[in-house]
Peer 1: 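Once you've had a glance at the structure underneath, I'll fire off some questions.
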Amino acid sequence: MDANEVIKSIVTLFSEAYAGPADPKSTWFIDNEPDSGILGLIAGVTADEASRSTHRNQPGTTIAAHVEHIRWSLANANRALLSKPYQGNWSESWNTLEADEEAWGRLRSDLKKEFELLKENLQKQNELSGDYLMGVMALIPHAAYHLGTIRQQIERVRVDTK
């Protein structure tokens, strides 16, 4: 398999995790329903739901925290692909626990922008090797983990409000 096929496969799986299925009849690892990727899933989440802790305000316990963390990780992947230095530290990527409507809208928009930029940056690559290849491949299970966690958090905050 040549480098272009590897990159194409990574982009396909990465896109499925964030944008949802390209073809609802055939998916690789997510539900085949529309909006079942991270971006579609969080589109219907309110700022109040995104800010509600599912485990007593500990880091990573709100939907907003997960969304900011994955936005941060995509931003750093974009920086790496553009040969720019790593920004921030991992623990700080979990500091966003709450968001009002404006901040929540901005956070969702910023996540989508980082996703689109990373997809674009990946498609420009002629090859990926070493740490770049491993780092980009790691984004797929990372997204899958957060997709599952966010889905569970949505169910929990909605059950808790009934």
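Just so it is clear, the structure is predicted and the values come from calculations on it, not from any experiment.
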Peer 1: Mark yes or no for whether T62, through its side chain, and L97, through its backbone, hold a donor-acceptor pair below 3.5 Å.
Peer 2: yes
Peer 1: Does some side-chain heavy atom of R151 sit less than 4.5 Å from a side-chain heavy atom of S36?
Peer 2: yes
Peer 1: Excluding sequence neighbours, so at least two apart, what forms salt bridge (Lys or Arg N to Asp or Glu O under 4.0 Å) with K84?
Peer 2: none
Peer 1: Should the ring pair H142 and H69 be called parallel, tilted or perpendicular, given that the plane angle runs from 0 to 90° and is split at 30 and 60?
Peer 2: perpendicular
Peer 1: Can you confirm whether V67 sits close enough to V45 that some side-chain heavy atom of one is under 4.5 Å from a side-chain heavy atom of the other?
Peer 2: no
Peer 1: Within the 4.5 Å heavy-atom criterion, are Q153 and T149 side-chain neighbours or not?
Peer 2: yes
Peer 1: Can you find a heavy atom in the side chain of L74 that is under 4.5 Å from one in the side chain of L117?
Peer 2: no
Peer 1: Determine the minimum heavy-atom distance between L41 and I154, stating which atoms define it.
Peer 2: CG-CD1, 3.6 Å
Peer 1: Can you confirm whether F115 sits close enough to L111 that some side-chain heavy atom of one is under 4.5 Å from a side-chain heavy atom of the other?
Peer 2: no
Peer 1: Say you draw a straight line from CD of Q123 to CG of L118; how long is it, rounded to the nearest 0.5 Å?
Peer 2: 10.0 Å
Peer 1: Looking at every non-hydrogen atom in both residues, tell me the closest pair between L122 and I10 and how far apart they are.
Peer 2: CD1-CG2, 4.3 Å
Peer 1: Looking only at non-hydrogen atoms, find the nearest pair between A99 and W104 and report the distance.
Peer 2: CB-N, 3.7 Å
Peer 1: Using every non-hydrogen atom in the two residues, find where T54 and V157 come nearest and quote the distance to one decimal.
Peer 2: CG2-CG1, 3.8 Å
Peer 1: Assess the residue pair E102 and R106 against the criterion (salt bridge (Lys or Arg N to Asp or Glu O under 4.0 Å)); give the C-alpha distance rounded to whole Å, side-chain angles, the decisive distance to 0.1 Å, and a yes or no.
Peer 2: CA-CA 6 Å; E102 183 180 334; R106 189 171 47 254; 3.5 Å; yes
Peer 1: Once you round to the nearest 0.5 Å, how far does CG of L139 lie from CE of M134?
Peer 2: 12.5 Å
Peer 1: Starting from the C-alpha separation in whole Å, work towards a yes-or-no answer on salt bridge (Lys or Arg N to Asp or Glu O under 4.0 Å) for R52 and E49.
Peer 2: CA-CA 5 Å; R52 196 168 302 137; E49 291 170 333; 5.8 Å; no
Peer 1: Let me see the working for E120 and K124 under salt bridge (Lys or Arg N to Asp or Glu O under 4.0 Å), right down to the final yes or no.
Peer 2: CA-CA 6 Å; E120 186 180 303; K124 290 178 183 175; 3.5 Å; yes
Peer 1: Between K119 and E116 (salt bridge meaning N to carboxylate O under 4.0 Å), is one present in this structure?
Peer 2: yes
Peer 1: Could you label the plane-to-plane angle of the Y145 and H66 rings as parallel, tilted or perpendicular, counting under 30° as parallel and over 60° as perpendicular?
Peer 2: tilted
Peer 1: Test: side chain to side chain donor-acceptor pair (under 3.5 Å). Region: residues 10-19. Which pairs qualify, not counting sequence neighbours?
Peer 2: none
Peer 1: With side chains defined as the heavy atoms from C-beta onward, is the minimum distance between W90 and W72 less than 4.5 Å?
Peer 2: yes
Peer 1: Calculate, to the nearest 0.5 Å, the distance between atoms OG1 and CD belonging to T27 and E33 respectively.
Peer 2: 10.0 Å
Peer 1: Calculate, to the nearest 0.5 Å, the distance between atoms CZ and CG belonging to R108 and L39 respectively.
Peer 2: 10.5 Å
Peer 1: Give the minimum heavy-atom separation between E114 and N78, together with the two atoms involved.
Peer 2: OE1-ND2, 2.8 Å
Peer 1: If only side-chain N and O atoms count, and only distance matters, is there a donor-acceptor pair under 3.5 Å linking T61 with S53?
Peer 2: yes
Peer 1: Do you know which two heavy atoms are closest between L147 and G37, and how far apart they sit?
Peer 2: CD1-C, 3.9 Å
Peer 1: Any side-chain heavy-atom pair from I42 and L107 closer than 4.5 angstrom?
Peer 2: no
Peer 1: To the nearest 0.5 angstrom, please state how far the CD1 atom of I38 sits from the CD1 atom of I63.
Peer 2: 12.0 Å
